[in-house]
Number of protein chains: 2
Amino acid sequence: MSNCIKDITHNEAFGLLTKSELSILENNKTSLKYDKSEVLIKQGTLSNSIVFVKKGISKIYIEGAQKKIILTIKRDNNFLGLSSLYTEDKTYQYTVSALEKCKVDLYDKMAFKEVLQQNVAFSNEIIKYINHNTTRFYKRLLCITEKNSRGKVADMILCLSNHIFGCLEFTIPLSRQELADFAGLSMENTIRILKEFEADKLIKLKGKNFKIKNKAVLERISEFG
Amino acid sequence: MSNCIKDITHNEAFGLLTKSELSILENNKTSLKYDKSEVLIKQGTLSNSIVFVKKGISKIYIEGAQKKIILTIKRDNNFLGLSSLYTEDKTYQYTVSALEKCKVDLYDKMAFKEVLQQNVAFSNEIIKYINHNTTRFYKRLLCITEKNSRGKVADMILCLSNHIFGCLEFTIPLSRQELADFAGLSMENTIRILKEFEADKLIKLKGKNFKIKNKAVLERISEFG
DNA sequence: CTAAATAATTGATATTTGTCAATTAATAAT
DNA sequence: ATTATTAATTGACAAATATCAATTATTTAG
């Protein structure tokens with residue numbers, strides 16, 4: 001079983017708001033479009049906005065001293081920056097960049113907090129999103145600590161298939177280096193394992209196009225080794 | 001710089017509650033004492049309580065198929081189980097066990113949620129705690145991915161010193177195996193690195209008693225390698 | 001359309017880390 | 001106090017993974 005759990009969309013949260021609360025958000029909204037590889041949120045900058053991605057895939061990653069690690073790939077209808085609400089450190093903890101054209105709404109954080117302060121159902125819905133995220137990271141942490149590199153790569157492929165693209169054949173908007181940053185491995189190692197899986201007829205690779213041929217065995221490898 | 005950020009206590013949250021809200025909690029509270037190594041929260045069981053630890057040190061860990069990983073060590077005046085609020089999965093994501101005698105209050109989760117639903121300031125304070133926790137785990141994830149084993153051990157020692165015990169000399173309530181589970185390494189490797197640090201006069205070891213002799217160099221090792 | 005730049009791949013090698021077995025130290029039970 | 005049990009330590013070795021260098025493929029810029 002893959003350690004990657006299905007992401008949830010965040011759009012229902014708006015349905016919990018009154019007209020006046022919605023208009024607070026509307027009046028403090030900036031709608032923007034981002035091109036592929038543009039940065040939506042930059043780690044270390046002041047977290048002045050809560051970002052809602054209406055359309056497009058983006059990657060969330062942490063920039064360390066030596067390495068980058070991709071925390072997750074986000075699809076449409078997700079908030080970004082929620083984890084910077086009410087924290088002592090007033091900066092974003094991660095960078096988010098567009099993997100394809102994205103349409104986003106930036107909400108001023110003050111206005112967002114004003115709405116949070118008024119509407120407890122909304123506030124609790126936000127807790128739900130944050131906690132869903134937390135659950136994912138616990139699983140992620142375990143995966144990184146416990147699995148060997150074959151397991152990590154298998155897990156990543158299953159995660160992409162099950163929870164990002166939702167089908168057995170998909171074209172990733174990621175380079176091999178980014179795949180490696182996602183799996184937490186070196187690029188060379190990642191490539192070698194992908195080729196190994198291909199030789200074993202578990203997947204079919206053509207550049208960025210992936211096709212899963214034997215999910216059961218991939219799941220077994222993900223489970224251990 | 002250590003990647004371990006200072007934990008915050010959660011007791012101020014109660015100050016945000018009205019008398020009637022406090023009495024909801026009081027009426028749904030069970031006070032218990034736990035002995036060393038007893039389990040307060042068991043991963044995989046239904047998350048029916050929010051636990052407030054009034055007194056005592058505990059360890060939070062995830063039990064994987066092969067390994068355990070200690071997420072963090074918690075001191076007095078902390079909530080446990082907040083990350084299970086409003087999640088789809090109704091079970092605890094981690095196990096918590098007492099490292100010394102602990103006094104805790106168990107609050108019925110339904111009652112806790114009732115109070116959350118009534119008091120938006122309380123709800124937002126809870127968001128603060130959850131997000132503080134999230135910030136820690138992002139740093140943790142980076143640490144595990146990026147640092148080599150010497151860096152991990154150095155980081156752990158600094159974390160214990162700075163944020164769990166708050167001084168340069170301390171006696172850990174952890175076995176060597178637990179230290180290894182905290183660092184995310186094998187026990188043998190952990191021990192070897194500790195001995196190495198001792199030989200290099202960075203620390204002084206006597207069983208479970210630690211004394212930091214050269215913090216600057218430990219910080220440099222934690223930074224990289 | 002072609003050159004230049006970047007990304008992907010492969011091989012060889014070094015380093016890191018874990019595993020297993022043996023030994024010693026410390027703690028608990030009688 | 002003595003034995004039994006568990007925890008800590010050490011050494012030897014194997015396995016896993018990263019690094020470096022070279023090559024090939026792909027993409028981009030003019």
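Just so it is clear: chains get the letters A, B, ... in the order the sequence lines come, proteins before strands, and each one is counted from 1. Everything quoted here is computed from the prediction, not taken from an experiment.
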Next on the checklist: From NZ of A:Lys206 over to P of C:dA7, roughly how many Å is that when rounded to an integer?
Outcome noted: 21 Å
Item to check | Footprint string (nucleotides 9-22 of chain C, 5' to 3'): B base within contact, S backbone only, - free, heavy atoms under 4.0 Å | outcome: BBBB----SSBB--
Item to check | salt bridge (charged side-chain N to carboxylate O under 4.0 Å, His left out) between A:Lys59 and A:Glu178, intermediate numbers included | outcome: CA-CA 10 Å; A:Lys59 65 167 173 174; A:Glu178 286 175 312; 2.5 Å; yes
Item to check | Charged tip of B:Lys109 within 45° of B:Phe112 ring normal and under 6.0 Å | outcome: no
Item to check | Integer-rounded Å distance: D:dA16 P and A:Glu146 CD | outcome: 16 Å
Checklist entry - Rounded to whole angstroms, how far apart are CD1 on B:Ile172 and C1' on D:dA7? => result 12 Å
Checklist entry - Between A:Lys90 (side chain) and A:Thr87 (backbone), is there a donor-acceptor pair under 3.5 Å? => result yes
Next on the checklist: D:dA7, OP1 or OP2 - any side-chain N/O from B:Lys208 closer than 4.0 Å?
Outcome noted: no
Checklist entry - A:Asn78 and A:His10: side-chain hydrogen bond (donor to acceptor under 3.5 Å, both in side chains), yes or no, with the steps? => result CA-CA 5 Å; A:Asn78 261 277; A:His10 295 173; 3.2 Å; yes
Checklist entry - Listed by chain and number, what are the salt bridge (charged side-chain N to carboxylate O under 4.0 Å, His left out) partners of A:Asp76, not counting sequence neighbours? => result A:Lys55
Checklist entry - Relative to the ring of B:Phe79, is the ring of B:Phe14 parallel (under 30°), tilted (30 to 60°) or perpendicular (over 60°)? => result tilted
